[in-house]
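Below: the structure, in structure tokens.
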Number of protein chains: 2
Amino acid sequence: MLSKACEYCIKAVVFLAQRSKEGKLSIVKEIAQAIDSPEAFTAKVLQQLVKGGFISSVKGVKGGFFIEEKTLQHLNLLQIVTAIDGRGLIDNCMLGLNQCSEVNPCPVHHLYKGIKADIVQLLNCSLVNDLTIEFSQKLSVLKN
Amino acid sequence: MLSKACEYCIKAVVFLAQRSKEGKLSIVKEIAQAIDSPEAFTAKVLQQLVKGGFISSVKGVKGGFFIEEKTLQHLNLLQIVTAIDGRGLIDNCMLGLNQCSEVNPCPVHHLYKGIKADIVQLLNCSLVNDLTIEFSQKLSVLKN
DNA sequence: CGCTTAAAGGACATACTTATCCTTATTAGA
DNA sequence: TCTAATAAGGATAAGTATGTCCTTTAAGCG
Ligand code: FES
Ligand code: FES
């Protein structure tokens with residue numbers, strides 16, 4: 001469904017959002033511990049998020065990653081997923097046809113299209129800010 | 001979502017079911033052409049299906065693959081997917097937590113669990129026999 | 001300025017998936 | 001019995017995702 005890189009990104013962003021609301025920067029080490037991910041690989045995917053403009057970073061002593069308040073307001077999971085994994089989840093046929101289409105559907109197209117729409121809606125309606133609130137209240141976890 | 005191996009399996013099975021209902025065996029070459037897949041790799045995944053008891057094969061001249069009428073009656077996509085890709089799609093957390101659970105949910109668990117249930121239902125309720133009927137009527141395609 | 005910290009970036013390593021090739025076993029039919 | 005056809009199986013290759021390591025760049029601080 002999602003790549004490891006994408007999973008780490010989503011979890012990192014939820015964690016970062018919480019920390020940013022507390023006015024704190026977080027270094028890779030803290031993030032990797034918080035989401036139970038390999039540190040070096042996490043650093044890589046965080047770079048991608050910075051390039052995509054989803055998170056911000058500060059180099060050097062007292063540096064780290066954070067999310068701008070303004071960005072956080074409208075940041076949702078669909079943005080992150082498409083930035084990291086591309087549009088495959090949204091566009092691809094479940095059985096790998098070159099084109100997912102209504103006119104030349106694969107055998108599961110009509111059953112799958114509703115599910116695909118639900119997935120896109122889940123991602124699109126999941127505001128990172130909302131997920132962070134739940135996480136802050138310990139109603140969800142980022143590792144186990 | 002599904003591995004290439006699994007995609008080929010599903011398409012191969014739908015094609016084979018149709019041919020079997022016509023009383024014909026199909027050789028790998030025919031199957032690979034019908035579903036637009038690499039021949040040698042297709043041969044491999046067909047072996048897995050044979051081992052799993054989902055399809056049958058006959059070696060030698062006039063040999064090939066087919067599906068027993070009896071098997072076809074109750075064969076559904078969930079059986080194929082779990083045999084080839086394992087239970088990941090059914091069991092895994094969307095964000096890769098070790099355990100997808102109600103008591104320690106990840107931030108998207110409550111949104112995702114309904115979708116996961118829909119996916120499992122889609123697979124479980126998709127009888128290969130029914131998919132084949134649609135395919136026979138040219139209401140769906142296996143390649144494009 | 002020089003030292004330390006931390007992100008950025010590049011190169012490399014590992015694992016898994018996908019794909020190909022060649023050999024072996026089995027069967028039908030001449 | 002011999003040959004051709006075909007699945008089965010093993011070895012290998014190619015490609016992609018995942019993960020690690022080391023160097024470079026930037027920033028704070030004494
Ligand atoms: S054509 Fe296969 S899912 Fe749409
Ligand atoms: S805990 Fe993540 S999907 Fe259930």
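Only this structure's heavy atoms are used, side chains among them; waters, hydrogens and symmetry mates stay out.
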Interatomic distance where NZ belongs to K4(B) and P belongs to dT16(D) [whole Å]: 12 Å
Spacing between K62(B) atom NZ and dA7(D) atom P, to the nearest angstrom: 13 Å
DNA chain D: 5'-proximal contact among G60(A) and E39(A) (nearest heavy atom): E39(A)
Sugar-phosphate only, base, or nothing, as touched by K29(B) at under 4.0 Å among non-hydrogen atoms: nothing
Length of the CD-C1' vector between Q48(B) and dG9(D), whole Å: 13 Å
Test item: K116(A) side-chain N/O and I90(A) main-chain N/O as donor-acceptor pair under 3.5 Å: yes
Distance in angstrom units between I84(A) CD1 and dT16(D) P, rounded: 18 Å
Nearest-nucleotide comparison on DNA chain C, the residue closer to the 5′ end among V61(A) and Q47(A): V61(A)
E68(B) bridged to K70(B) by N-O distance under 4.0 Å: no
Reported CG-to-CG distance for the pair N92(B) and L97(B), which is rounded to 0.5 angstrom: 10.0 Å
Nearest to side-chain heavy atoms of K59(A), which nucleotide of dT20(D), dA8(D), dA27(D): dA27(D)
Atom pair CZ (F65(A)) and CG (L16(A)), whose distance is rounded to the nearest 0.5 Å: 8.0 Å
Nearest-Å distance for atom pair CG/P, residues L49(B) and dA8(D): 11 Å
N/O donor-acceptor pair under 3.5 Å between N129(B) side chain and T132(B) backbone: no
Main-chain N/O of L131(B) paired with E134(B) side-chain donor or acceptor, under 3.5 Å: no
Terminal contacting nucleotides, 5' and 3', DNA chain C versus chain A (heavy atom, 4.0 Å): dT4(C) to dA11(C)
Protein-nucleotide distance (D85(A), atom CG; dT16(D), atom P), rounded to Å: 15 Å
N/O donor-acceptor pair under 3.5 Å between N104(A) side chain and V141(B) backbone: no
Most 5' of V58(A) and T42(A) on DNA chain D, judged by nearest nucleotide: T42(A)
Interatomic distance where CD1 belongs to I31(B) and P belongs to dT6(D) [whole Å]: 12 Å
Residues within residues 6-28 of chain B bordering DNA chain C, heavy-atom distance below 4.0 Å: Y8(B)
Residues in side-chain hydrogen bond (donor to acceptor under 3.5 Å, both in side chains) contact with S20(B), at least two apart in sequence or another chain: none
Interatomic distance, K44(A) NZ vs dC21(D) C1' [rounded to whole Å]: 9 Å
N/O donor-acceptor pair under 3.5 Å between N144(B) side chain and N98(A) backbone: yes
